[in-house]
Amino acid sequence: GLTEDQRYEFHVIAKNAAGLFSEPSESTGPITVKDDMDAPRIMMDVKFRDIVVVKAGEILKINADIAGRPVPVISWTKDGKEIEEKARVEIQSTNNTTVLTVKDCIRQDS
């Protein structure tokens, strides 16, 4: 593998089925290896920034798109505590989306 912040120069050589090799290509010039990183970002519908009213017995579904490199670890929290999946609470996440579903909402869910 390559080491981050190290400088490398690359050349290419071709070999055919007869086992003959080409001359090496010109150098790429010095290339410094950097890890590809982007801070995590969450994109959510603006309606979730306001008060959302859900009546008792209804389903609350909150979805968000996630981006970042390396792929972020996703967790949902309420009042500073991590939300755990239970009979009425489901969390589904992929590398770039997450959905929190609360079924049969009750007053204590607010």
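Given the structure is predicted, the values throughout are model-derived calculations rather than measurements. This chain uses plain numbering: 1 for the first residue, then up along the sequence.
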Practice prompt. Taking all non-hydrogen atoms of both residues into account, name the closest pair between E90 and E85 and its distance.
Written response: CA-OE1, 3.6 Å
Result block: side-chain N/O donor-acceptor pairs under 3.5 angstrom for residues 8-18, not counting sequence neighbours:
unit_1	atom_1	unit_2	atom_2	d
Y8	OH	T3	N	3.0
E9	OE1	S27	OG	2.6
H11	ND1	S25	O	2.9
N16	OD1	A18	N	3.0
N16	OD1	G19	N	3.1
N16	OD1	L20	N	3.0

Discussion item. With rounding to the nearest 0.5 angstrom, report the NZ to CG distance, K81 to D79.
Written reply: 7.5 Å
Worksheet, complete the sentence: So the salt bridge (charged side-chain N to carboxylate O under 4.0 Å, His left out) pairs with at least one residue in residues 55-67 (sequence neighbours excluded) are none
Item to complete: Nearest 0.5 Å please: distance from the CG atom of N63 over to the OG1 atom of T101.
Response: 8.5 Å
Discussion item. If hydrophobic residues (ILVMFWY) are linked whenever their side-chain heavy atoms come closer than 4.5 Å, directly or via other members, who joins W76 in its cluster?
Written reply: I42, M44, F48, V52, V54, L60, I62, I66, I74, I83, V89, I91, L100, V102
Discussion item. Is it the case that the side chain of T94 and the backbone of T97 share a donor-acceptor pair, with hydrogens and angles ignored and the cut-off at 3.5 Å?
Written reply: yes
Worksheet entry | More than 12 heavy atoms of other groups within 6.0 Å of E84 CD | no
Practice prompt. Using a cut-off of 6.0 Å, state whether more than 12 heavy atoms not belonging to M43 lie near its atom CE.
Written response: yes
Worksheet entry | Residues which pass salt bridge (charged side-chain N to carboxylate O under 4.0 Å, His left out) with D109, listed by chain and number, not counting sequence neighbours | R88
Fill in: N95 atom CG, neighbour heavy-atom count above 12 within 6.0 Å
no
Worksheet item: What residue pairs, at least two apart or across chains, pass salt bridge (charged side-chain N to carboxylate O under 4.0 Å, His left out) with a residue in residues 20-33?
Response: none
Discussion item. Nearest 0.5 angstrom please: K34 NZ to E4 CD, how far?
Written reply: 6.0 Å
Worksheet item: Which side chain to side chain donor-acceptor pair (under 3.5 Å) pairs, counting each pair once, include a residue from residues 36-45, with sequence neighbours left out?
Response: D36-R69, D38-R69
Discussion item. Is it true that, when you exclude I51 itself, more than 12 heavy atoms of the residues, nucleotides or ligands shown sit nearer than 6.0 Å to its CD1?
Written reply: no
Worksheet item: Shortest non-hydrogen contact from P40 to P72?
Response: CB-CG, 3.9 Å
